[in-house]
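Quick notes on the structure that follows.
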Amino acid sequence: MDDGRRSEEEGEAWRRWSVLVATVWVQALTGTNFDFSAYSSALKSSLGISQEALNYLATASDLGKAFGWSSGLALLHMPLHGVLLVSAAMGFAAYALQYCCLAFLNTTSAGAPMAIPYPLVFLVCLIAGCSICWFNTVCFVLCIRSFSTSNRPLALSLSISFNGLSAAFYTLFANALSPLSPSIYLLLNAILPLAVSILALPVILLCHTNDSHLHSVPNHDRRVFLGLYILAFITGIYLVAFGSFTTTSSTAWVILTGAMVLLALPLIIPACSHGPDPAQPLSHDDPHKPLLVSNNDQTESDAMMEKAMEHQLQGSCCGTILDKGRLVVLGEEHSAKKLIGCVDFWLYYTAYFCGATVGLVYSNNLGQIAQSLHQQSRLTMLLAVYSSFSFFGRLLSALPEFLHRKVSLARTGWLAAALLPMPMAFFLMWKQQDGSTLVVGTALVGLSSGFIFAAAVSVTSELFGPNSIGVNHNILITNIPLGSFLYGQIAALVYDANGQRMTVVDNRTGITDTTIMCMGVKCYSTTFFVWGCITLLGLASSIVLFIRTKQAYASTASRSSRKHLHQVYS
(Lines give C-alpha, C1' and ligand atoms only; values in the text may rest on other atoms or scores of the structure.)
Protein backbone atom coordinates (compact mmCIF):
# COMPACT_ATOMS: atom_id res chain seq x y z
CA MET A 1 0.00 0.00 0.00
CA ASP A 2 1.49 3.38 -0.99
CA ASP A 3 1.93 6.20 1.51
CA GLY A 4 -0.84 8.32 -0.05
CA ARG A 5 -3.39 5.53 0.28
CA ARG A 6 -2.38 4.80 3.86
CA SER A 7 -2.51 8.50 4.79
CA GLU A 8 -6.02 8.77 3.35
CA GLU A 9 -7.22 5.75 5.33
CA GLU A 10 -5.63 7.11 8.52
CA GLY A 11 -7.57 10.32 8.00
CA GLU A 12 -10.79 8.38 7.47
CA ALA A 13 -10.20 6.34 10.63
CA TRP A 14 -9.51 9.48 12.69
CA ARG A 15 -12.67 11.12 11.39
CA ARG A 16 -14.79 8.03 12.06
CA TRP A 17 -13.69 7.68 15.68
CA SER A 18 -13.81 11.41 16.36
CA VAL A 19 -17.42 11.52 15.14
CA LEU A 20 -18.25 8.67 17.52
CA VAL A 21 -16.70 10.56 20.45
CA ALA A 22 -18.73 13.64 19.46
CA THR A 23 -21.95 11.61 19.55
CA VAL A 24 -20.95 10.32 22.99
CA TRP A 25 -20.62 13.90 24.24
CA VAL A 26 -23.93 14.96 22.72
CA GLN A 27 -25.78 11.95 24.14
CA ALA A 28 -24.19 12.35 27.58
CA LEU A 29 -25.57 15.87 28.01
CA THR A 30 -28.88 15.78 26.12
CA GLY A 31 -30.84 13.18 28.10
CA THR A 32 -32.56 16.04 29.90
CA ASN A 33 -35.79 14.11 30.49
CA PHE A 34 -34.03 11.85 32.99
CA ASP A 35 -33.61 14.57 35.63
CA PHE A 36 -37.33 15.47 35.71
CA SER A 37 -37.77 14.02 39.20
CA ALA A 38 -35.05 16.37 40.55
CA TYR A 39 -37.26 19.43 40.08
CA SER A 40 -40.76 17.94 39.67
CA SER A 41 -41.80 18.50 43.29
CA ALA A 42 -40.70 22.14 43.15
CA LEU A 43 -42.49 22.62 39.82
CA LYS A 44 -45.64 21.04 41.26
CA SER A 45 -45.56 23.35 44.26
CA SER A 46 -44.78 26.43 42.17
CA LEU A 47 -47.67 25.81 39.79
CA GLY A 48 -50.01 24.68 42.58
CA ILE A 49 -51.09 21.56 40.67
CA SER A 50 -52.05 18.02 41.63
CA GLN A 51 -49.98 14.90 41.07
CA GLU A 52 -52.23 14.04 38.15
CA ALA A 53 -51.55 17.40 36.49
CA LEU A 54 -47.82 16.94 37.12
CA ASN A 55 -48.03 13.57 35.38
CA TYR A 56 -49.45 15.33 32.32
CA LEU A 57 -46.31 17.47 32.17
CA ALA A 58 -44.12 14.35 32.26
CA THR A 59 -46.31 12.89 29.53
CA ALA A 60 -45.91 16.08 27.48
CA SER A 61 -42.13 15.63 27.54
CA ASP A 62 -42.49 12.04 26.37
CA LEU A 63 -45.15 13.07 23.84
CA GLY A 64 -42.42 14.95 22.02
CA LYS A 65 -41.18 11.52 20.87
CA ALA A 66 -44.42 11.09 18.95
CA PHE A 67 -43.16 13.91 16.72
CA GLY A 68 -39.80 12.20 16.18
CA TRP A 69 -40.63 11.79 12.50
CA SER A 70 -40.19 15.56 12.15
CA SER A 71 -36.42 15.14 12.63
CA GLY A 72 -36.29 12.70 9.72
CA LEU A 73 -38.27 15.15 7.61
CA ALA A 74 -35.88 17.94 8.58
CA LEU A 75 -32.91 15.86 7.43
CA LEU A 76 -34.41 15.78 3.93
CA HIS A 77 -34.14 19.57 3.70
CA MET A 78 -31.35 20.49 6.11
CA PRO A 79 -27.73 19.43 6.68
CA LEU A 80 -27.00 17.33 9.73
CA HIS A 81 -25.32 20.14 11.63
CA GLY A 82 -28.35 22.35 10.95
CA VAL A 83 -30.66 19.80 12.54
CA LEU A 84 -28.30 19.62 15.53
CA LEU A 85 -28.39 23.38 16.05
CA VAL A 86 -32.19 23.52 15.70
CA SER A 87 -32.40 20.78 18.36
CA ALA A 88 -30.23 22.84 20.68
CA ALA A 89 -32.29 25.98 20.03
CA MET A 90 -35.57 24.19 20.78
CA GLY A 91 -34.21 22.74 24.01
CA PHE A 92 -32.72 26.05 25.10
CA ALA A 93 -36.00 27.93 24.57
CA ALA A 94 -38.17 25.27 26.23
CA TYR A 95 -36.07 24.75 29.36
CA ALA A 96 -35.25 28.46 29.75
CA LEU A 97 -38.98 29.20 29.90
CA GLN A 98 -39.48 26.48 32.51
CA TYR A 99 -36.56 27.85 34.51
CA CYS A 100 -38.08 31.33 34.46
CA CYS A 101 -41.40 29.83 35.51
CA LEU A 102 -39.84 28.16 38.54
CA ALA A 103 -37.21 30.72 39.52
CA PHE A 104 -38.76 34.11 38.73
CA LEU A 105 -42.29 34.09 37.40
CA ASN A 106 -44.01 32.52 40.36
CA THR A 107 -44.29 35.91 42.05
CA THR A 108 -45.13 39.43 41.01
CA SER A 109 -43.18 42.47 42.11
CA ALA A 110 -45.65 42.84 44.96
CA GLY A 111 -44.88 39.34 46.18
CA ALA A 112 -48.31 37.92 45.33
CA PRO A 113 -48.61 34.65 43.44
CA MET A 114 -48.86 35.07 39.69
CA ALA A 115 -50.73 32.39 37.75
CA ILE A 116 -48.67 30.79 34.96
CA PRO A 117 -50.88 29.37 32.19
CA TYR A 118 -50.72 25.62 32.56
CA PRO A 119 -51.15 25.03 28.78
CA LEU A 120 -48.01 27.11 28.19
CA VAL A 121 -46.00 24.93 30.56
CA PHE A 122 -47.43 21.83 28.86
CA LEU A 123 -46.40 23.17 25.44
CA VAL A 124 -42.81 23.95 26.43
CA CYS A 125 -42.48 20.47 28.00
CA LEU A 126 -43.60 18.99 24.69
CA ILE A 127 -41.06 21.07 22.75
CA ALA A 128 -38.32 20.01 25.17
CA GLY A 129 -39.19 16.35 24.60
CA CYS A 130 -39.15 16.86 20.84
CA SER A 131 -35.68 18.42 20.99
CA ILE A 132 -34.35 15.29 22.74
CA CYS A 133 -35.71 13.14 19.92
CA TRP A 134 -34.01 15.39 17.35
CA PHE A 135 -30.68 15.05 19.19
CA ASN A 136 -31.07 11.25 19.19
CA THR A 137 -31.81 11.19 15.46
CA VAL A 138 -28.66 13.21 14.72
CA CYS A 139 -26.54 10.77 16.75
CA PHE A 140 -28.14 7.70 15.12
CA VAL A 141 -27.48 9.07 11.63
CA LEU A 142 -23.88 9.96 12.51
CA CYS A 143 -23.19 6.39 13.68
CA ILE A 144 -24.91 4.86 10.65
CA ARG A 145 -22.99 7.07 8.21
CA SER A 146 -19.63 6.59 9.88
CA PHE A 147 -19.52 2.84 10.53
CA SER A 148 -19.92 -0.28 8.46
CA THR A 149 -22.74 -2.74 9.03
CA SER A 150 -20.65 -5.06 11.19
CA ASN A 151 -19.59 -2.31 13.63
CA ARG A 152 -22.72 -0.18 13.56
CA PRO A 153 -24.46 -1.91 16.53
CA LEU A 154 -21.39 -1.31 18.71
CA ALA A 155 -21.23 2.36 17.75
CA LEU A 156 -24.96 2.86 18.36
CA SER A 157 -24.86 1.02 21.68
CA LEU A 158 -21.90 3.05 22.98
CA SER A 159 -23.42 6.36 21.91
CA ILE A 160 -26.87 5.57 23.34
CA SER A 161 -25.30 4.30 26.57
CA PHE A 162 -24.00 7.72 27.54
CA ASN A 163 -27.52 9.15 27.22
CA GLY A 164 -28.33 7.15 30.34
CA LEU A 165 -25.65 9.03 32.28
CA SER A 166 -27.19 12.45 31.67
CA ALA A 167 -28.96 12.62 35.03
CA ALA A 168 -25.74 11.69 36.85
CA PHE A 169 -23.75 14.37 35.01
CA TYR A 170 -26.44 16.97 35.67
CA THR A 171 -26.46 16.00 39.35
CA LEU A 172 -22.71 16.67 39.54
CA PHE A 173 -23.14 20.07 37.89
CA ALA A 174 -26.03 20.92 40.25
CA ASN A 175 -24.06 19.87 43.35
CA ALA A 176 -21.16 22.07 42.30
CA LEU A 177 -23.22 25.12 41.34
CA SER A 178 -26.28 25.21 43.62
CA PRO A 179 -27.13 21.96 45.41
CA LEU A 180 -30.17 23.37 47.25
CA SER A 181 -31.93 24.84 44.23
CA PRO A 182 -34.10 22.48 42.12
CA SER A 183 -34.38 25.16 39.42
CA ILE A 184 -30.66 24.78 38.65
CA TYR A 185 -31.51 21.58 36.78
CA LEU A 186 -33.75 23.49 34.36
CA LEU A 187 -31.04 26.09 33.80
CA LEU A 188 -28.51 23.35 33.08
CA ASN A 189 -31.01 21.60 30.77
CA ALA A 190 -31.16 24.80 28.73
CA ILE A 191 -27.45 25.63 28.59
CA LEU A 192 -25.47 22.35 28.50
CA PRO A 193 -27.05 20.80 25.34
CA LEU A 194 -26.45 24.05 23.47
CA ALA A 195 -22.85 24.22 24.69
CA VAL A 196 -22.02 20.61 23.78
CA SER A 197 -23.64 21.03 20.36
CA ILE A 198 -21.37 23.97 19.58
CA LEU A 199 -18.37 22.04 20.93
CA ALA A 200 -19.13 18.98 18.77
CA LEU A 201 -20.01 20.99 15.66
CA PRO A 202 -16.52 21.09 14.04
CA VAL A 203 -16.19 17.30 14.28
CA ILE A 204 -19.70 16.67 12.97
CA LEU A 205 -18.95 18.86 9.94
CA LEU A 206 -16.25 16.31 9.03
CA CYS A 207 -18.82 13.54 8.64
CA HIS A 208 -19.47 12.74 5.00
CA THR A 209 -22.99 12.36 3.66
CA ASN A 210 -22.30 8.68 3.13
CA ASP A 211 -19.24 7.08 4.69
CA SER A 212 -20.52 3.53 4.31
CA HIS A 213 -17.84 2.94 1.64
CA LEU A 214 -15.10 3.19 4.27
CA HIS A 215 -12.76 0.27 4.66
CA SER A 216 -13.05 -1.48 7.99
CA VAL A 217 -10.52 -3.67 9.75
CA PRO A 218 -12.63 -5.92 12.00
CA ASN A 219 -9.93 -6.99 14.47
CA HIS A 220 -8.49 -3.49 14.78
CA ASP A 221 -11.92 -1.88 15.12
CA ARG A 222 -12.97 -4.36 17.77
CA ARG A 223 -9.90 -3.50 19.83
CA VAL A 224 -10.72 0.20 19.59
CA PHE A 225 -14.32 -0.46 20.60
CA LEU A 226 -13.13 -2.58 23.52
CA GLY A 227 -10.97 0.30 24.72
CA LEU A 228 -13.89 2.73 24.45
CA TYR A 229 -16.19 0.37 26.36
CA ILE A 230 -13.61 -0.08 29.13
CA LEU A 231 -13.35 3.72 29.49
CA ALA A 232 -17.14 3.95 29.52
CA PHE A 233 -17.36 1.30 32.26
CA ILE A 234 -14.79 3.18 34.36
CA THR A 235 -16.85 6.36 33.90
CA GLY A 236 -19.96 4.59 35.14
CA ILE A 237 -18.14 3.19 38.19
CA TYR A 238 -16.82 6.67 38.98
CA LEU A 239 -20.32 8.16 38.88
CA VAL A 240 -21.72 5.39 41.07
CA ALA A 241 -18.91 5.87 43.60
CA PHE A 242 -18.86 9.67 43.74
CA GLY A 243 -21.98 10.97 42.01
CA SER A 244 -24.30 10.57 44.98
CA PHE A 245 -22.05 12.19 47.60
CA THR A 246 -23.39 15.18 49.49
CA THR A 247 -20.23 17.22 49.78
CA THR A 248 -18.89 20.71 50.15
CA SER A 249 -18.78 22.97 47.12
CA SER A 250 -15.03 22.56 46.62
CA THR A 251 -15.25 18.76 46.74
CA ALA A 252 -18.20 18.80 44.36
CA TRP A 253 -16.12 20.77 41.86
CA VAL A 254 -13.29 18.23 42.14
CA ILE A 255 -15.69 15.34 41.49
CA LEU A 256 -17.23 17.20 38.53
CA THR A 257 -13.79 17.89 37.07
CA GLY A 258 -12.92 14.20 37.33
CA ALA A 259 -16.12 13.28 35.48
CA MET A 260 -15.37 15.76 32.69
CA VAL A 261 -11.84 14.35 32.33
CA LEU A 262 -13.29 10.84 31.98
CA LEU A 263 -15.74 12.13 29.37
CA ALA A 264 -12.84 13.62 27.39
CA LEU A 265 -10.58 10.55 27.66
CA PRO A 266 -12.18 8.68 24.70
CA LEU A 267 -10.40 11.22 22.48
CA ILE A 268 -7.21 9.25 23.23
CA ILE A 269 -8.57 6.26 21.33
CA PRO A 270 -9.07 7.95 17.92
CA ALA A 271 -5.79 9.81 18.43
CA CYS A 272 -4.00 6.47 18.82
CA SER A 273 -5.87 4.72 15.99
CA HIS A 274 -4.37 6.43 12.99
CA GLY A 275 -4.57 3.48 10.70
CA PRO A 276 -5.19 -0.20 10.17
CA ASP A 277 -3.05 -2.93 11.55
CA PRO A 278 -0.44 -3.65 8.84
CA ALA A 279 -0.68 -7.37 9.57
CA GLN A 280 -4.45 -7.34 9.14
CA PRO A 281 -5.82 -7.33 5.58
CA LEU A 282 -8.51 -4.81 4.79
CA SER A 283 -12.05 -6.09 4.83
CA HIS A 284 -14.49 -4.50 2.48
CA ASP A 285 -18.04 -4.49 3.73
CA ASP A 286 -19.58 -5.33 0.37
CA PRO A 287 -23.12 -6.70 0.61
CA HIS A 288 -22.92 -7.88 -3.01
CA LYS A 289 -19.85 -10.06 -2.56
CA PRO A 290 -20.73 -13.72 -3.33
CA LEU A 291 -21.04 -16.28 -0.57
CA LEU A 292 -19.14 -19.52 -0.36
CA VAL A 293 -22.21 -21.24 -1.78
CA SER A 294 -24.45 -19.90 -4.49
CA ASN A 295 -27.54 -17.87 -3.63
CA ASN A 296 -29.74 -20.59 -5.14
CA ASP A 297 -28.16 -23.25 -2.96
CA GLN A 298 -28.57 -21.06 0.12
CA THR A 299 -32.20 -20.36 -0.74
CA GLU A 300 -32.88 -24.09 -1.14
CA SER A 301 -31.14 -24.76 2.17
CA ASP A 302 -33.25 -22.13 3.94
CA ALA A 303 -36.41 -23.50 2.36
CA MET A 304 -35.60 -27.03 3.57
CA MET A 305 -34.95 -25.67 7.06
CA GLU A 306 -38.29 -23.84 7.09
CA LYS A 307 -40.19 -26.93 5.89
CA ALA A 308 -38.58 -29.07 8.58
CA MET A 309 -39.59 -26.60 11.29
CA GLU A 310 -43.12 -26.31 9.92
CA HIS A 311 -43.43 -30.09 9.99
CA GLN A 312 -42.34 -30.20 13.63
CA LEU A 313 -44.89 -27.56 14.66
CA GLN A 314 -47.73 -28.77 12.45
CA GLY A 315 -50.86 -29.85 14.26
CA SER A 316 -49.87 -28.12 17.48
CA CYS A 317 -52.01 -25.25 18.76
CA CYS A 318 -48.95 -23.69 20.35
CA GLY A 319 -47.06 -24.21 17.13
CA THR A 320 -49.74 -22.41 15.17
CA ILE A 321 -49.55 -19.40 17.47
CA LEU A 322 -45.76 -19.29 17.46
CA ASP A 323 -45.34 -19.89 13.73
CA LYS A 324 -48.10 -17.86 12.06
CA GLY A 325 -46.73 -14.90 10.09
CA ARG A 326 -43.31 -15.01 11.72
CA LEU A 327 -40.17 -13.52 10.19
CA VAL A 328 -38.17 -15.88 8.00
CA VAL A 329 -35.04 -13.76 7.47
CA LEU A 330 -33.56 -10.70 9.13
CA GLY A 331 -33.09 -7.33 7.49
CA GLU A 332 -36.10 -7.47 5.19
CA GLU A 333 -37.34 -3.93 4.65
CA HIS A 334 -40.78 -3.24 6.13
CA SER A 335 -42.87 -0.31 5.00
CA ALA A 336 -45.04 1.35 7.63
CA LYS A 337 -48.10 -0.51 6.30
CA LYS A 338 -46.33 -3.86 6.36
CA LEU A 339 -44.94 -3.13 9.83
CA ILE A 340 -48.38 -2.49 11.31
CA GLY A 341 -49.60 -5.83 9.97
CA CYS A 342 -46.64 -7.78 11.37
CA VAL A 343 -47.29 -9.96 14.45
CA ASP A 344 -43.65 -9.81 15.51
CA PHE A 345 -43.75 -6.03 15.55
CA TRP A 346 -46.68 -5.98 17.97
CA LEU A 347 -44.95 -8.51 20.24
CA TYR A 348 -41.89 -6.25 20.15
CA TYR A 349 -44.04 -3.17 20.73
CA THR A 350 -45.70 -4.82 23.75
CA ALA A 351 -42.35 -5.88 25.21
CA TYR A 352 -41.09 -2.29 24.98
CA PHE A 353 -44.39 -0.75 26.09
CA CYS A 354 -44.63 -3.05 29.12
CA GLY A 355 -40.92 -2.91 29.93
CA ALA A 356 -38.61 0.01 29.26
CA THR A 357 -41.46 2.54 29.22
CA VAL A 358 -42.51 1.50 32.73
CA GLY A 359 -38.93 2.10 33.83
CA LEU A 360 -39.01 5.59 32.34
CA VAL A 361 -42.24 6.42 34.18
CA TYR A 362 -40.68 5.09 37.39
CA SER A 363 -37.79 7.52 37.00
CA ASN A 364 -40.25 10.39 36.42
CA ASN A 365 -41.99 9.52 39.71
CA LEU A 366 -38.80 8.98 41.70
CA GLY A 367 -39.03 12.40 43.35
CA GLN A 368 -42.49 11.73 44.78
CA ILE A 369 -41.60 8.13 45.63
CA ALA A 370 -38.61 9.26 47.70
CA GLN A 371 -40.64 12.01 49.35
CA SER A 372 -43.47 9.66 50.31
CA LEU A 373 -41.03 7.27 51.98
CA HIS A 374 -39.22 10.10 53.85
CA GLN A 375 -36.17 9.57 51.62
CA GLN A 376 -36.15 13.09 50.13
CA SER A 377 -32.61 13.66 51.38
CA ARG A 378 -31.48 10.65 49.34
CA LEU A 379 -33.10 11.75 46.09
CA THR A 380 -29.79 12.88 44.58
CA MET A 381 -28.29 9.49 45.36
CA LEU A 382 -31.31 7.65 43.91
CA LEU A 383 -31.08 9.69 40.71
CA ALA A 384 -27.39 8.81 40.43
CA VAL A 385 -28.17 5.12 41.02
CA TYR A 386 -30.89 5.04 38.34
CA SER A 387 -28.76 6.96 35.87
CA SER A 388 -25.61 4.91 36.44
CA PHE A 389 -27.32 1.52 36.29
CA SER A 390 -29.28 2.60 33.24
CA PHE A 391 -25.87 3.35 31.73
CA PHE A 392 -24.52 -0.09 32.67
CA GLY A 393 -27.62 -1.67 31.13
CA ARG A 394 -26.98 0.23 27.91
CA LEU A 395 -23.36 -0.90 27.89
CA LEU A 396 -24.43 -4.50 28.42
CA SER A 397 -26.54 -4.26 25.27
CA ALA A 398 -23.24 -4.61 23.36
CA LEU A 399 -22.65 -8.10 24.79
CA PRO A 400 -24.26 -9.85 21.79
CA GLU A 401 -21.61 -8.26 19.56
CA PHE A 402 -18.64 -9.25 21.74
CA LEU A 403 -19.93 -12.74 22.63
CA HIS A 404 -21.51 -13.78 19.33
CA ARG A 405 -18.78 -16.38 18.73
CA LYS A 406 -19.22 -17.94 22.20
CA VAL A 407 -22.93 -17.45 22.95
CA SER A 408 -25.30 -18.18 20.08
CA LEU A 409 -28.32 -16.36 21.50
CA ALA A 410 -30.54 -14.23 19.29
CA ARG A 411 -30.69 -10.54 20.16
CA THR A 412 -34.39 -10.97 20.99
CA GLY A 413 -33.29 -13.57 23.55
CA TRP A 414 -31.03 -11.00 25.17
CA LEU A 415 -33.99 -8.63 25.15
CA ALA A 416 -36.09 -11.16 27.10
CA ALA A 417 -33.26 -11.73 29.58
CA ALA A 418 -32.95 -7.97 30.11
CA LEU A 419 -36.64 -7.69 31.00
CA LEU A 420 -36.41 -10.28 33.78
CA PRO A 421 -35.13 -7.93 36.55
CA MET A 422 -37.97 -5.42 36.02
CA PRO A 423 -40.92 -7.37 37.56
CA MET A 424 -38.58 -8.64 40.27
CA ALA A 425 -37.79 -5.05 41.24
CA PHE A 426 -41.40 -3.88 41.39
CA PHE A 427 -42.63 -6.87 43.37
CA LEU A 428 -39.70 -6.43 45.76
CA MET A 429 -40.64 -2.77 46.34
CA TRP A 430 -44.31 -3.71 46.66
CA LYS A 431 -43.52 -6.15 49.47
CA GLN A 432 -41.02 -4.00 51.33
CA GLN A 433 -40.61 -0.25 51.08
CA ASP A 434 -37.57 1.11 52.87
CA GLY A 435 -34.38 2.93 51.96
CA SER A 436 -32.24 -0.08 51.02
CA THR A 437 -35.02 -1.78 49.05
CA LEU A 438 -35.65 1.45 47.16
CA VAL A 439 -31.97 1.61 46.15
CA VAL A 440 -31.90 -2.02 44.98
CA GLY A 441 -35.20 -1.67 43.11
CA THR A 442 -34.05 1.55 41.43
CA ALA A 443 -30.82 -0.11 40.31
CA LEU A 444 -32.66 -3.11 38.82
CA VAL A 445 -35.20 -0.92 37.00
CA GLY A 446 -32.42 1.28 35.61
CA LEU A 447 -30.35 -1.71 34.49
CA SER A 448 -33.27 -3.39 32.72
CA SER A 449 -34.72 -0.32 31.01
CA GLY A 450 -31.26 0.92 29.98
CA PHE A 451 -30.50 -2.32 28.14
CA ILE A 452 -33.77 -2.13 26.22
CA PHE A 453 -33.35 1.56 25.32
CA ALA A 454 -29.93 0.85 23.77
CA ALA A 455 -30.74 -2.49 22.14
CA ALA A 456 -33.98 -1.30 20.55
CA VAL A 457 -32.32 0.55 17.64
CA SER A 458 -30.35 -2.53 16.57
CA VAL A 459 -33.33 -4.87 17.09
CA THR A 460 -35.56 -2.65 14.97
CA SER A 461 -32.92 -2.54 12.25
CA GLU A 462 -32.43 -6.32 12.25
CA LEU A 463 -36.08 -7.32 12.37
CA PHE A 464 -37.61 -4.74 10.04
CA GLY A 465 -34.78 -3.45 7.83
CA PRO A 466 -31.93 -0.94 8.29
CA ASN A 467 -33.08 1.45 5.56
CA SER A 468 -36.52 1.86 7.14
CA ILE A 469 -35.27 2.43 10.69
CA GLY A 470 -35.96 6.18 10.65
CA VAL A 471 -39.69 5.58 10.21
CA ASN A 472 -40.04 2.23 11.94
CA HIS A 473 -38.19 3.16 15.14
CA ASN A 474 -40.28 6.31 15.50
CA ILE A 475 -43.41 4.15 15.15
CA LEU A 476 -42.05 1.88 17.89
CA ILE A 477 -41.39 4.69 20.36
CA THR A 478 -44.96 5.99 20.09
CA ASN A 479 -45.45 3.58 22.99
CA ILE A 480 -43.45 5.94 25.23
CA PRO A 481 -45.94 8.85 25.41
CA LEU A 482 -48.82 6.36 25.56
CA GLY A 483 -47.19 4.44 28.41
CA SER A 484 -46.10 7.65 30.12
CA PHE A 485 -49.70 8.81 30.24
CA LEU A 486 -51.24 5.45 31.21
CA TYR A 487 -48.72 4.32 33.83
CA GLY A 488 -48.24 7.83 35.17
CA GLN A 489 -52.01 8.19 35.46
CA ILE A 490 -52.19 4.99 37.51
CA ALA A 491 -49.51 6.31 39.87
CA ALA A 492 -51.12 9.76 40.09
CA LEU A 493 -54.61 8.45 40.86
CA VAL A 494 -53.31 6.17 43.62
CA TYR A 495 -51.14 8.99 45.01
CA ASP A 496 -53.94 11.61 45.04
CA ALA A 497 -56.47 9.12 46.45
CA ASN A 498 -54.24 8.44 49.46
CA GLY A 499 -52.94 11.97 49.90
CA GLN A 500 -54.26 15.00 51.71
CA ARG A 501 -54.18 18.72 51.10
CA MET A 502 -51.28 20.37 52.84
CA THR A 503 -50.00 23.94 53.05
CA VAL A 504 -46.41 24.32 51.93
CA VAL A 505 -44.34 27.41 52.69
CA ASP A 506 -41.52 28.37 50.31
CA ASN A 507 -38.62 29.41 52.57
CA ARG A 508 -37.13 31.61 49.86
CA THR A 509 -40.21 33.66 48.98
CA GLY A 510 -42.45 33.13 51.99
CA ILE A 511 -45.33 32.12 49.69
CA THR A 512 -47.79 29.52 50.92
CA ASP A 513 -49.22 26.97 48.48
CA THR A 514 -51.86 24.31 48.97
CA THR A 515 -51.03 20.98 47.33
CA ILE A 516 -51.93 17.33 47.68
CA MET A 517 -49.17 15.39 49.41
CA CYS A 518 -49.07 11.70 50.26
CA MET A 519 -46.78 10.19 52.86
CA GLY A 520 -46.24 6.53 53.65
CA VAL A 521 -46.11 3.15 51.87
CA LYS A 522 -49.75 3.45 50.78
CA CYS A 523 -48.80 6.10 48.19
CA TYR A 524 -47.10 3.71 45.74
CA SER A 525 -47.72 0.20 47.07
CA THR A 526 -50.63 -0.52 44.70
CA THR A 527 -48.76 1.17 41.85
CA PHE A 528 -45.71 -1.07 42.32
CA PHE A 529 -47.93 -4.16 42.21
CA VAL A 530 -49.70 -3.02 39.03
CA TRP A 531 -46.41 -2.05 37.37
CA GLY A 532 -45.00 -5.47 38.32
CA CYS A 533 -47.91 -7.26 36.62
CA ILE A 534 -47.53 -5.08 33.52
CA THR A 535 -43.81 -5.85 33.25
CA LEU A 536 -44.60 -9.56 33.54
CA LEU A 537 -46.74 -9.16 30.42
CA GLY A 538 -43.80 -7.45 28.71
CA LEU A 539 -41.52 -10.34 29.71
CA ALA A 540 -43.99 -12.88 28.30
CA SER A 541 -44.22 -10.97 25.00
CA SER A 542 -40.43 -10.83 24.69
CA ILE A 543 -40.16 -14.60 25.26
CA VAL A 544 -42.73 -15.31 22.53
CA LEU A 545 -40.88 -12.89 20.22
CA PHE A 546 -37.62 -14.72 20.90
CA ILE A 547 -39.16 -18.12 20.10
CA ARG A 548 -40.64 -16.77 16.87
CA THR A 549 -37.45 -15.07 15.64
CA LYS A 550 -34.64 -17.36 16.80
CA GLN A 551 -34.78 -19.36 13.55
CA ALA A 552 -34.38 -16.19 11.49
CA TYR A 553 -31.34 -15.26 13.57
CA ALA A 554 -29.89 -18.76 13.17
CA SER A 555 -30.38 -18.59 9.40
CA THR A 556 -28.68 -15.19 9.21
CA ALA A 557 -25.78 -16.39 11.38
CA SER A 558 -25.30 -19.34 9.04
CA ARG A 559 -25.14 -17.01 6.05
CA SER A 560 -22.63 -14.74 7.81
CA SER A 561 -20.43 -17.72 8.66
CA ARG A 562 -20.45 -18.87 5.04
CA LYS A 563 -19.58 -15.36 3.86
CA HIS A 564 -16.71 -15.13 6.35
CA LEU A 565 -15.27 -18.46 5.13
CA HIS A 566 -15.51 -17.30 1.56
CA GLN A 567 -13.62 -14.07 2.37
CA VAL A 568 -10.91 -16.02 4.17
CA TYR A 569 -10.29 -18.56 1.40
CA SER A 570 -10.92 -16.39 -1.65
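Residues: numbered from 1 along the sequence shown.
In this pair, F392 and F389 present their aromatic rings perpendicular. The plane angle is above 60°, beyond the 30 to 60° band. Ring orientation note: the planes of Y386 and Y362 are tilted relative to one another, at an angle of 30° to 60°. Between Y229 and F225, the ring planes are tilted. Angles from 30° to 60° get that label.
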Practice problem: Give the intermediate values and the outcome of side chain to side chain donor-acceptor pair (under 3.5 Å) for residues T478 and Y349. | Solution: CA-CA 9 Å; T478 57; Y349 191 95; 3.1 Å; yes

Exercise. Walk me through it: do S157 and S397 pass the test side chain to side chain donor-acceptor pair (under 3.5 Å)?
Key: CA-CA 7 Å; S157 177; S397 69; 2.7 Å; yes

Practice problem: Output, in order, the C-alpha distance, side-chain angles, deciding distance and verdict of side chain to side chain contact (heavy atoms under 4.5 Å, CB included) for L262 and I234. | Solution: CA-CA 8 Å; L262 286 172; I234 293 172; 4.2 Å; yes

Exercise. Quick one: do Q27 and N136 satisfy side chain to side chain contact (heavy atoms under 4.5 Å, CB included)? Show the steps, please.
Key: CA-CA 7 Å; Q27 289 278 43; N136 291 340; 3.0 Å; yes

Exercise. Using the side chain to side chain contact (heavy atoms under 4.5 Å, CB included) rule, take Y487 and F353 through it: C-alpha gap first, then chi angles, then the decisive distance, then the call.
Key: CA-CA 10 Å; Y487 306 142; F353 177 63; 3.3 Å; yes

Exercise. Dump the intermediate steps for side chain to side chain contact (heavy atoms under 4.5 Å, CB included) on S18 and V203, then the final yes or no.
Key: CA-CA 7 Å; S18 297; V203 177; 3.8 Å; yes

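The two residues V196 and P193 come nearest to each other via the heavy atoms CG1-O, 3.3 Å. Across all their heavy atoms, L205 and H81 have their closest contact at CD2-ND1, 3.3 Å. T59 and P481 get closest at one heavy-atom pair: CG2-O, 3.8 Å. Of all non-hydrogen atoms in I160 and F453, the two that sit nearest each other are CG2-O, 4.2 Å. Here the closest heavy-atom approach between residue L419 and residue I452 is recorded as CD2-CD1, 3.4 Å. Contact between L158 and A232 at its shortest, heavy atoms only, is CD1-CB, 4.1 Å.
For the residue pair Y170 / T32, no side-chain donor-acceptor distance below 3.5 Å is found, with atom types taken as modelled. With 3.5 Å as the limit, one finds no donor-acceptor pair spanning the side chains of N33 and S61. Side chain to side chain, Y348 and T412 fail the donor-acceptor criterion of an N or O pair below 3.5 Å.
L194 pairs by the side chain to side chain contact (heavy atoms under 4.5 Å, CB included) definition with A88, F92, I198, not counting sequence neighbours.
When side chains are defined from C-beta on, L201 counts as touching L85, because their heavy atoms get closer than 4.5 Å.
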